[in-house]
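FYI, the numbering just counts along the sequence from 1. As the structure is a computational prediction, the values presented were derived from the model and not from experiment.
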Amino acid sequence: MSATARVQDEDRPAPCAEQDRERRFQPSRDALAAFLSAIQGWTSRHLYDPGLPVAYTRTTYLDTEGLDFLGTCHSGQAERLRLREYAGAAHLAEAPVLTGTRFLELKRNHGERRTKVRLPLTEPEARAILTGQPLPVEGAAALLLRQASLTPVRPWITAWYRRTTLATVSCDVRITLDEGLVFALPPDTPAAAAVAAPTRLVGRAPPATVVEVKWKRDAPSWLEQALWGLSSHETAASKFEQGMHALLDGARPTK
């Protein structure tokens with residue numbers, strides 16, 4: 001890091017981190033149906049864009065050449081750095097397009113505890129991250145990259161999936177259902193309105209719904225009761241880890 005960048009970092013407040021708890025499951029169809037029935041009176045579907053009710057997420061994971069982020073997956077302090085983009089469609093038969101909303105996220109997990117720093121990105125910043133170009137030194141995204149414990153990084157793998165979000169009125173509890181999970185080489189462009197579905201696939205996850213449950217403070221009693229039925233289906237495997245294994249079981253990308 002240059003002396004100028006170091007001084008700027010010392011004068012600028014660190015990005016605010018969100019803190020909550022998270023558990024991940026891959027339930028059977030019957031277990032999922034029972035869980036959804038149990039939470040029905042406490043949550044409702046959350047639509048980010050009513051005009052595009054079928055929502056998708058495109059997440060590109062960054063790592064060092066030595067795969068240091070991947071190495072944290074079973075260290076007790078898992079760490080991921082990712083570019084998250086969103087897409088939507090009016091119905092399932094329609095090709096999803098990117099909404100133009102995108103974030104750079106640094107996420108750390110220690111057991112159930114999750115800490116995440118999330119920064120909005122401009123299209124030029126996202127393109128720079130995807131193509132390995134330098135970010136403006138004064139930008140918040142460049143600051144977050146400098147504050148990450150593992151650098152320098154480049155994009156390695158992209159996860160693509162359809163996401164349904166359920167949440168309480170206060171959003172203190174948020175439950176996501178991810179389906180159709182596939183992995184691909186990183187996209188060439190983050191442009192809004194571009195066709196979002198990946199084409200350079202490297203693998204597909206098993207055809208099961210991934211359920212992620214996130215909550216702030218103490219879990220409410222109704223959620224604790226509902227989670228009992230999912231406990232035997234809990235999984236520690238993250239999308240990042242699954243995608244990197246799919247990639248590295250084949251040939252490493254050359255870009």
Next item on the list: Indicate, with yes or no, if L166 and W228 share a hydrophobic cluster defined by side-chain heavy-atom contacts under 4.5 Å among Ile, Leu, Val, Met, Phe, Trp and Tyr.
Entry: no
Next item on the list: For residues R24 and A236, report the shortest heavy-atom separation together with the two atoms involved.
Entry: NH1-O, 3.6 Å
Notebook entry, point to check: Is P27 close to F35 at the side-chain level, that is, under 4.5 Å between some pair of heavy atoms?
Noted result: no
Notebook entry, point to check: Do T64 and D68 have side-chain N/O donor and acceptor atoms under 3.5 Å apart?
Noted result: yes
Checklist line | Least distance between heavy atoms, Y56 atom then G88 atom | finding: CD1-CA, 4.3 Å
Notebook entry, point to check: Which of these passes salt bridge (Lys or Arg N to Asp or Glu O under 4.0 Å) with E212: R163, K107, R23?
Noted result: R163
Margin query: Evaluate R204 against F183 for side chain to side chain contact (heavy atoms under 4.5 Å, CB included), listing each step before the verdict.
Written below: CA-CA 6 Å; R204 294 180 181 272; F183 303 104; over 6 Å; no
Notebook entry, point to check: Do L47 and Y86 belong to the same hydrophobic cluster, where Ile, Leu, Val, Met, Phe, Trp and Tyr are linked whenever their side-chain heavy atoms lie under 4.5 Å apart, directly or via other members?
Noted result: no
Checklist line | Name of the residue among R114, R108, K214, R217 meeting salt bridge (Lys or Arg N to Asp or Glu O under 4.0 Å) with D20 | finding: R114
Note to self: Once rounded to the nearest 0.5 Å, what's the spacing between atom CZ of F25 and atom OG of S232?
What the structure shows: 9.5 Å
Item checked: Separation between CE of M244 and CG of L247, rounded to the nearest 0.5 Å -> 5.5 Å
Next item on the list: Output the distance between atom CG (L81) and atom CG (D63), rounded to the nearest 0.5 Å.
Entry: 8.5 Å
Check: Between A184 and I157, what is the shortest heavy-atom contact and its length?
Finding: O-CD1, 3.2 Å
Check: With a 4.5 Å heavy-atom cut-off, do F69 and V153 have their side chains touching?
Finding: yes
Next item on the list: May I ask you to test the L248-L70 pair for a side-chain heavy-atom distance under 4.5 Å?
Entry: yes
Check: Is there side-chain contact between W215 and I175, with heavy atoms separated by less than 4.5 Å?
Finding: no
Check: Going by distance alone, is a donor N or O of one side chain under 3.5 Å from an acceptor N or O of the other, for T165 and T176?
Finding: no
Check: If you draw the axis of the six-membered ring of F103, does the NZ or CZ of R84 fall within 45° of it and under 6.0 Å from the ring centre?
Finding: no
Next item on the list: Working to the nearest 0.5 Å, report the span between CZ of R102 and CG of L119.
Entry: 14.0 Å
Note to self: On a heavy-atom basis, which atom in E79 and which in T72 lie closest, and how many Å separate them?
What the structure shows: N-OG1, 2.9 Å
Check: With distance as the sole test, does Q40 use its side chain to make a donor-acceptor pair with the main-chain N or O of L36 at under 3.5 Å?
Finding: no
Notebook entry, point to check: Does some side-chain heavy atom of W156 sit less than 4.5 Å from a side-chain heavy atom of L62?
Noted result: no
Notebook entry, point to check: Are more than 12 heavy atoms from other residues, nucleotides or ligands located less than 6.0 Å from atom CD of Q77?
Noted result: yes
Next item on the list: In plain terms, say whether R21 and D218 are close enough for a salt bridge, that is, a side-chain N and a carboxylate O under 4.0 Å apart.
Entry: no
Notebook entry, point to check: Roughly how far, to the nearest 0.5 Å, is CG of L223 from CG of D172?
Noted result: 11.5 Å
Checklist line | Test: R154 and E65 ion pair at under 4.0 Å | finding: yes
Item checked: Side chains of W160 and P187 in contact at under 4.5 Å (non-hydrogen atoms) -> no
Margin query: Restricting to non-hydrogen atoms, name the atom on P53 and the atom on A90 that form the minimum distance, rounded to 0.1 Å.
Written below: CG-O, 3.6 Å
Margin query: R162 vs L181, test: side chain to side chain contact (heavy atoms under 4.5 Å, CB included). Steps then yes/no.
Written below: CA-CA 7 Å; R162 187 172 73 254; L181 174 61; over 6 Å; no
Item checked: Verdict with reasoning, D178 to K239, per side chain to side chain contact (heavy atoms under 4.5 Å, CB included) -> CA-CA 11 Å; D178 297 336; K239 296 183 181 75; 2.8 Å; yes
Next item on the list: Mark yes or no for whether T131, through its side chain, and R127, through its backbone, hold a donor-acceptor pair below 3.5 Å.
Entry: yes
Margin query: Within the structure provided, determine whether T158 and L185 are in side-chain contact (heavy-atom separation under 4.5 Å).
Written below: no
Notebook entry, point to check: Is it true that a side-chain atom of R118 and a backbone atom of K116 form a donor plus acceptor pair closer than 3.5 Å?
Noted result: no
Next item on the list: Any chance you could measure T60, atom OG1, to I129, atom CD1, to the nearest 0.5 Å?
Entry: 10.0 Å
Check: Would L201 end up clustered with L130 when hydrophobic side chains under 4.5 Å apart are linked, directly or stepwise?
Finding: no
Notebook entry, point to check: Do V213 and Y161 share a hydrophobic cluster, counting only Ile, Leu, Val, Met, Phe, Trp and Tyr and linking them when any side-chain heavy atoms are less than 4.5 Å apart?
Noted result: no
Next item on the list: Following the transitive rule for hydrophobic clusters with a side-chain heavy-atom cut-off under 4.5 Å over Ile, Leu, Val, Met, Phe, Trp and Tyr, establish whether L227 and V210 coincide in one cluster.
Entry: no
Margin query: Surrounding CH2 of W222 (heavy atoms of other residues, nucleotides or ligands, distance under 6.0 Å), is the total greater than 12?
Written below: yes
Item checked: Minimum-distance pair of heavy atoms, taken over all atoms of A208 and Q26 -> CB-NE2, 4.4 Å
